[in-house]
Amino acid sequence: MTSSHSTRVAELLAELTEPQREAVLHTDGPLLVIAGPGSGKTRVVTRRAAHLALTAAPARQILAITFTNKAAREMRERIDALSVAEGMTVCTFHALCAKLLRIHHERARVPRNFTIFDRDDRRRLLKQAIEDCQLSTTNWSPASVEGAISTAKNDLRSARAFAPHTRDWREATIARIYERYETLLAENAALDFDDLLMRVALLLRDDEALRDELEDRYRYVLIDEYQDTNAAQYLIARKLVEKRQNLCATGDPDQSIYGWRGANLENILSFEHDFPSTRVVRLEQNYRSTQRILAVADALIAGNRRRKLKALWTQNEEGPWPRVLQYDNSEEEAAGVARDISQRLRGRTAPGGIAVFYRVNSLSRAVEEALLREGIKYQVARGVEFYNRKEVKDVLAYLRVLVNPADEVALFRIINTPARGIGDTTLERLREAAGLEGVTALEFITSDRDFAELGRAAVKVRQFGELLRSLRPAVEQRPATALGEVISRTGLRAMYMQEGDREESERRNLDELINAATLFQADRPEATLIDWLEYAALVSDVDSVEQSGAGVTLMTLHAAKGLEFDVVYIIGLEDGLLPFRRDEFVRGDEEEERRLCFVGMTRARKVLTLSRARQRFVRGSTLATVRSPFLDELPPAAVEWSTPADAAPQRKRADAGRLPEDLDQWTVGTLVRHPVLGLGQVLSLTRGGKRTHVDVQFQSGPKRSWALEFADLVRVDFDEVE
DNA sequence: AATATTCCCGTTTTT
DNA sequence: CGGGAATATT
């Protein structure tokens, strides 16, 4: 071992706490890192990866898997910065699977040049599948069927496996649609996002030789955000490390907020059971938030049952009390938040350090208007991504047709874009004619014939066919070149050439697309058009949700995961909104909603403000709201409640944490008053060794129990009441 | 084929 | 109420 080697190892261990060090140093065997919010997880993961590359295996034998491209990019950058891990594979689950399927297409029984269908493509195909089954898309909305099929795929249930297990007519119908959809996908030589995972999972399960090969290729596997894995990803993870068990999973059950997308919290909760020799490391020290913010968040999440206990703590300053503000209505809430932000901006806080979170996007509107009125710059981090823009998808559709002639979803997307006089009737006839001859639509179009059966449109179709034929050689060219060729030859550029504000952004986006392709191929000399299309299909964000620092950030609680801000506002803490409930009778997963709230709170470094409106303007009408039960779960002594209308917010009781002086007069039946919940009656008093617990039934309905020291209750005599 | 009108529906959305 | 999609109109 050279001295430079040991110096580098020492560097990797520098400035780490004991548990962090332990996680970095662990090499062989399963490792579970339970990482609380702001606990330096990324640092640990990257150092660990570097440490492995330095001491255990060549970097190319290490595989780090993330969920998002952003996470992959960040991890890659940070690992690169340590400059010991060149050649390491750092990518998303989907990218890994796409690559594996491309390489092992024969064994996986997929076409080598398969197209990856995004949600839009999938919807179109699904619509067709529903129609093919003679069903109406009104009764069988593509969206709901999509959800059912996606769930099935996430659970590794193929169309064939799905059909025999249907329990009612609805499921049986979905099974039919599912089968038809799969047939259509195959005809299009396409895979959807879920297929990528499912195919690889099943492949690893069934093809031992390949699994063996991959296990030798990737000797150490790291999976980030393990709490978000679904059944397919879980199987992939297990199969990838079957022999060596060198799996390092990092995550936090308390931050699992994608259950509705198929994520299965059980995967992380039962990790130690699945991998019996697991070493568990808990990262519990928080470097982000103040003591008071952390304490409140911790108190909230303590209400969950399905978790792994963590003792969050911090050496950071105490900080100001987190506040709960109750406004009369949603406009005042928005105005209040804007006013508060305005005040902070006059202080030292930079706008980029401030964020407003909400459960549903529709809440952003009121806040936006209020910020506008206050003249505060802001940005809404929303999901409209670059690669979902129409003009971008049109260009990509041309490329897709070139690469994969079976891709009819793409073909029908571009057949009349730019407008070339091929309408619905022509399309119908064309499909029919092609079907009659037993050739694909593309073969038909690009064949050398007169298209007499298409009447007036025959010339247009022939021209389109010629265009496609002339574009074919572009397949062999480099992505950026092919892209430029398509944009100009198809008339798409011309289409956006007329001067005008609307076309301006389209033109810019097309240029941006060529830029992206140029950048892509710059560090991938071997990259083909197929590779670029795959990249484009799987990279949807393009740095869109970066904190630019120029303005206040508005986003959903989901989007906030992984970020941090000095000052955080969470609005709309109302029953049914957070926790969200679709309708009154069907309750959602309240624990997941609580985690969502926890995630939001723990984004705050210094100042946390929760708010709620007593009346909310929703869908055209104003409705009375009920305070979120989550607010009642916050230790009353640890937050500052105030109604902004009040001149002075009520200060904290100085004696919080102490038992009431008149405790000897407290019995079952004693009347008490709570600053928020009002009048109530003691149901029970339990003297514990350390704490005295009290159950109270409130006049207003709710029943609560507390440690009496923190209950914020005052005893009232009977005659004081009315 | 482009534009007007009606109608429907309404969480979150890593890929 | 308001956006998007399906449908009607020119």
Side-chain angles (χ1 to χ4, degrees), chain A residues 65-73 91-98 116-124 127 136-138 141-144 146-147 150 153-154 191-198 224-225 227-230 232-233 255-263 330 357-366 381-385 387-388 416-426 457 460 534-541 544-545 555-562 572 576-583 586 588-589 592-593 595-597 599-600 616-623:
Chain A
I65 308 175
T66 64
F67 275 80
T68 68
N69 292 299
K70 192 174 164 214
R73 201 184 319 126
C91 64
T92 65
F93 262 110
H94 289 83
L96 173 73
C97 291
I116 298 169
F117 272 15
D118 67 11
R119 208 162 84 249
D120 196 53
D121 302 320
R122 179 204 247 182
R123 288 250 166 111
R124 284 170 199 242
K127 202 176 153 231
S136 103
T137 45
T138 328
S141 80
S144 72
E146 181 184 26
S150 180
K153 287 188 176 181
N154 287 160
L191 299 177
D192 64 26
F193 286 142
D194 299 322
D195 284 331
L196 298 175
L197 302 177
M198 183 173 80
D224 196 21
E225 307 282 17
Q227 77 281 353
D228 288 335
T229 50
N230 62 30
Q233 290 156 335
Q255 294 185 63
S256 164
I257 55 175
Y258 285 103
W260 51 276
R261 285 279 270 102
S330 40
F357 303 152
Y358 34 79
R359 178 62 232 263
V360 295
N361 283 307
S362 58
L363 294 199
S364 78
R365 180 113 162 227
R382 57 169 97 66
V384 277
E385 325 87 338
Y387 286 94
N388 267 337
N416 200 32
T417 310
R420 50 173 72 84
I422 303 178
D424 287 346
T425 20
T426 310
K460 322 266 188 190
E534 179 175 302
Y535 174 82
L538 295 176
V539 179
S540 57
D541 56 358
S544 53
V545 192
M555 61 172 80
T556 63
L557 285 162
H558 283 92
K561 188 169 148 190
L577 191 53
L578 181 60
F580 190 89
R581 223 171 295 117
R582 197 193 186 83
D583 63 72
V586 187
D589 183 345
E592 181 151 312
E593 297 293 315
R595 293 194 289 267
L596 198 49
C597 192
V599 165
R616 184 163 295 279
F617 187 71
V618 178
R619 282 186 228 161
S621 51
T622 302
L623 298 169

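Just so it is clear, the structure is predicted and the values come from calculations on it, not from any experiment. Chain letters run A, B, ... following the sequence lines, proteins first, then strands; residues in each count from 1.
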Candidates [options] - which lies nearest the side chain of [X]:
X	options	answer
Y258(A)	dT14(B), dT12(B), dA6(C)	dT14(B)
F617(A)	dA2(B), dT15(B), dC1(C)	dC1(C)
R365(A)	dT15(B), dG2(C), dT14(B)	dG2(C)
K127(A)	dA1(B), dT13(B), dA6(C)	dA6(C)

Judged by each residue's nearest nucleotide on DNA chain B, which is more toward the 5′ side, G421(A) or R619(A)?
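Nearest nucleotide further toward 5': that of G421(A).
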
E593(A) or D424(A), whichever maps to the more 5' nucleotide of DNA chain B:
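Its nearest nucleotide being more 5', the pick is D424(A).
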
Hey, is the side chain of R420(A) poking within less than 4.0 Å of OP1 or OP2 on dA1(B), counting only N and O atoms?
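Indeed not, no polar side-chain atom of R420(A) lies that close.
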
Quick check: closest heavy atoms across D195(A) and K153(A), and the distance to 0.1 Å?
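Result for this residue pair: OD1-NZ, 2.8 Å.
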
Show the nearest heavy-atom pair for residues N230(A) and G262(A), with the distance to one decimal.
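Distance-wise, the nearest heavy atoms are CB-O, 3.1 Å.
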
Using atom C1' in both nucleotides, what's the gap between dA5(C) and dT12(B) to the nearest angstrom?
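Result for the C1' pair: 22 Å, nearest Å.
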
Do N416(A) side-chain atoms and G421(A) backbone N/O form a donor-acceptor pair below 3.5 Å?
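Yes, N416(A) side chain to G421(A) backbone: donor-acceptor pair under 3.5 Å.
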
For F93(A) and dT15(B), is the gap between ring centres under 5.5 Å while the planes differ by less than 30°?
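It does not: the two rings, one from F93(A) and one from dT15(B), miss the stacking criterion.
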
